[in-house]
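Below is one structure, written out as structure tokens; the observations come after it.
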Amino acid sequence: MLIEISGKETEIPDGSSIEQLIRIKDAADNIVVVLNDVIIEQAQWENTALNANDRVELIQFVAGG
Amino acid sequence: MSFYDEIINLQNIDTQASLKNTTTSKIASIIDKPKLRPDDFLALLSPAASDMIEQIAQQAYKVTLRHFGRCILIYTPMYLADYCVNYCVYCGFNASNDITRRKLSLVEVEMEAHEIAKTGLKHILILTGESRQHSSVSYIKDCVSILRKYFSSIATEIYPLSQDEYAELIAAGVDGLTIYQEVYDQKIYADIHPKGPKRDYKFRLEAPERAGQAGVRTINIGPLLGLANWQQEVFKAGIHAAYLQKKFPDVEVSVSLPRMRPQCGDYEPECPVSDSQLVQSLLALRLFLPRVGLTISTRESAELRDNLIPLAVTKMSAGSSTVVGGHTDSKDSVGQFDISDDRTVDQMRKVVAAHGYKPILKDWHDLT
Amino acid sequence: MDDKFKIGGKELDSRLFIGTGKFADYNQIPDVIKASKSQVVTVALRRVDFDIPEENMLEYLSSDVIMMPNTSGARNADEAIKIARIARAASGSNWVKIEVISDQKYLLPDNFETITAVEILAKEGFVVLPYMSPDLMAAKRMVDAGAAAIMPLGAPIGTNRGLKTKELVKVLIDEIDLPIIVDAGIGRPSEAAEAMEMGCAAVLVNTAIATADDPVLMAEAFGQAVECGRKAYLAGPGATADLAKASSPLTGFLRNE
């Protein structure tokens, strides 16, 4: 299925959870996941399933003043 | 939080020890500071500071000039009524004094206003004793509606009101509040206000804040010097003014330092204040609060007032009478206290001008 | 000397906050923090970009420093609020530096949008530190809105030009009962010391350290400068004397007494 990750359309396996998405993208654990404008706590990653056309933002801390 | 909490905190400061330990070299460094702290202000009231009064005066002169220019605002008081339910031991209007009491009718108010307006004055201070029966808020409002036709700024010096009552007066055209705590020392306050509503120290102390909340434009506070140790009283008044300036940045805050004058009754000041102590107090206030207004009334002699024109003062009364109806007819009434400088407004204008200062008759006109 | 800096429910020993932007190498950051003795460090939030991977700042920050995410990138209150909420979820820290910049030329903060953001985030339990243009009335509104400190700029961000806003910052120190923390513009340790001598509660430094030839040594210098300035403030500096003295006497009349 197609979802939008950080503004880019991306194909992932049907029925993937957020946890699986993180593994697929080889992203670090210490990031924030925002699914359709809602922050998903890390504890919920495993049992939050993704649907086609979901908008996912993966956000991390970077340098800043 | 109100200033009452601050007063409680101030009681913990050993002001006498600080005053005693202040040295002249400390004063020398304070004089040139761009901004004074409360402890610097206290130091300026010390005996060491009195030894350096000329240096302090030179600085106060410069600071006043920088913030106010060469200007002295002139106003006059107008007594509306002398009925009073309080027993302030130092006051000529004390309820136990057997004097003929009087309250101006609205026609008389207009006559007084007409007479005062002839002098060119535009700033007036109206006064009453504390009697909600004779000098109710609605009576004062009626007077204000007449006075508005003659004066551009009307301040009141009456009993303390609630915030709503202050709002009513402001809506009626009052823009200034004068209220003296008389004495900041709570114990002495209780001793010299034995009976009557004025016994409520806190209600009086917080009155300027209620007026500030109600949106008054100017607030003038002060201690009545002579009732308690002058250094402690001036110190607390200065801290009070600083508190009001900070809490109400849009309000023009002033301090007056009225000294006890002879009045009807036989009260003698417990702690008389000398000319040089009065001057030292005014100078200390100026350095501590560069923007604060400082008022000197006709309680003081013509000679002293003339010498104060370049020294920190920004407002002076003139052509004053402390008698109800005193601007039109004063034959059989007794005043609140005896005035000392009885020069007319016209004479005072000339004196101020002769000192190189501009006498200001009007610095406010509400356009709303 | 007991001179803890109390803010947001914490007691800090250090009055130097450090920004993590513009470092040539993230590996310098732990040493910079250590050399400066700073206990509060700012970070920013960005989308993870899989094409241009960026290192995650969390890897470089030890757990004993307070993370203060900023809302950089926000152009209005709504965006700042959104970023702050994400930052809290990600960091577990409820501190946030509100930074709303709607001007891309000078990068000056938008005080109006900032006030709105402070009000909403303070109600949500954040420790809110707004970055602002030093303006007394705006600062008062931020106080009323629930800010934990006020962070006026010393000069436009990243300019290293020093305390250009000195007179305005002094007004804030005098009139605002919250810690005043100069953020942005401080280019040298002497300027940080000057801000502290004036009575600032802390300073936030980033560019001046990150772009020094030796950032770790410069971080140490800033740490010491902030301490020095603070001590001087507590000691109460003497006044500079006017050279010209007295003209004609003003108090001669008192001698008659």
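Here is the naming used below: chain letters follow the sequence lines, and residue numbers restart at 1 for every chain. Computation of the quantities below employed the complete heavy-atom set of this structure, encompassing side-chain atoms and omitting hydrogens, waters and symmetry-equivalent molecules.
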Pair Gln55(B)-Gln59(B), side chain to side chain donor-acceptor pair (under 3.5 Å): steps then yes or no: CA-CA 7 Å; Gln55(B) 289 94 318; Gln59(B) 185 69 6; over 6 Å; no

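Of the charged side-chain nitrogens involved, at least one lies within less than 4.0 Å of a carboxylate oxygen, so that Glu194(C) and Lys166(C) count as a salt-bridged pair. Salt bridge present: Lys33(B) and Asp40(B) bring a charged side-chain N and a carboxylate O closer than 4.0 Å.
No donor-acceptor pair under 3.5 Å is formed between the side chain of Glu113(C) and the backbone N or O of Asp110(C).
Between Ile18(C) and Val40(C), every side-chain heavy-atom pair lies at or beyond the 4.5 Å cut-off. Under the 4.5 Å side-chain criterion, counting only non-hydrogen atoms from C-beta, Asp183(C) is not in contact with Leu153(C).
Contacts between Ile53(B) and chain C at a heavy-atom distance below 4.5 Å involve backbone atoms as well as side-chain atoms. Residue contact with chain C, scored on non-hydrogen atoms closer than 4.5 Å, is absent for Lys26(B). Contacts of Lys140(C) with chain B are made by side-chain atoms alone, with heavy-atom separations under 4.5 Å and no backbone atom involved.
Between chain B and the options Asp177(C), Asp174(C), Leu136(C), the largest number of non-hydrogen pairs under 4.5 Å is found for Asp174(C).
The line from CD1 of Ile56(B) to CD1 of Ile31(B) is 5.0 Å long, rounded to the nearest 0.5 Å.
No side-chain N or O of Glu99(C) forms a donor-acceptor pair with one of Ser72(C) less than 3.5 Å apart.
For residues 236-258 of chain B, a heavy-atom distance under 4.5 Å to chain C picks out Lys246(B), Pro249(B), given by residue number.
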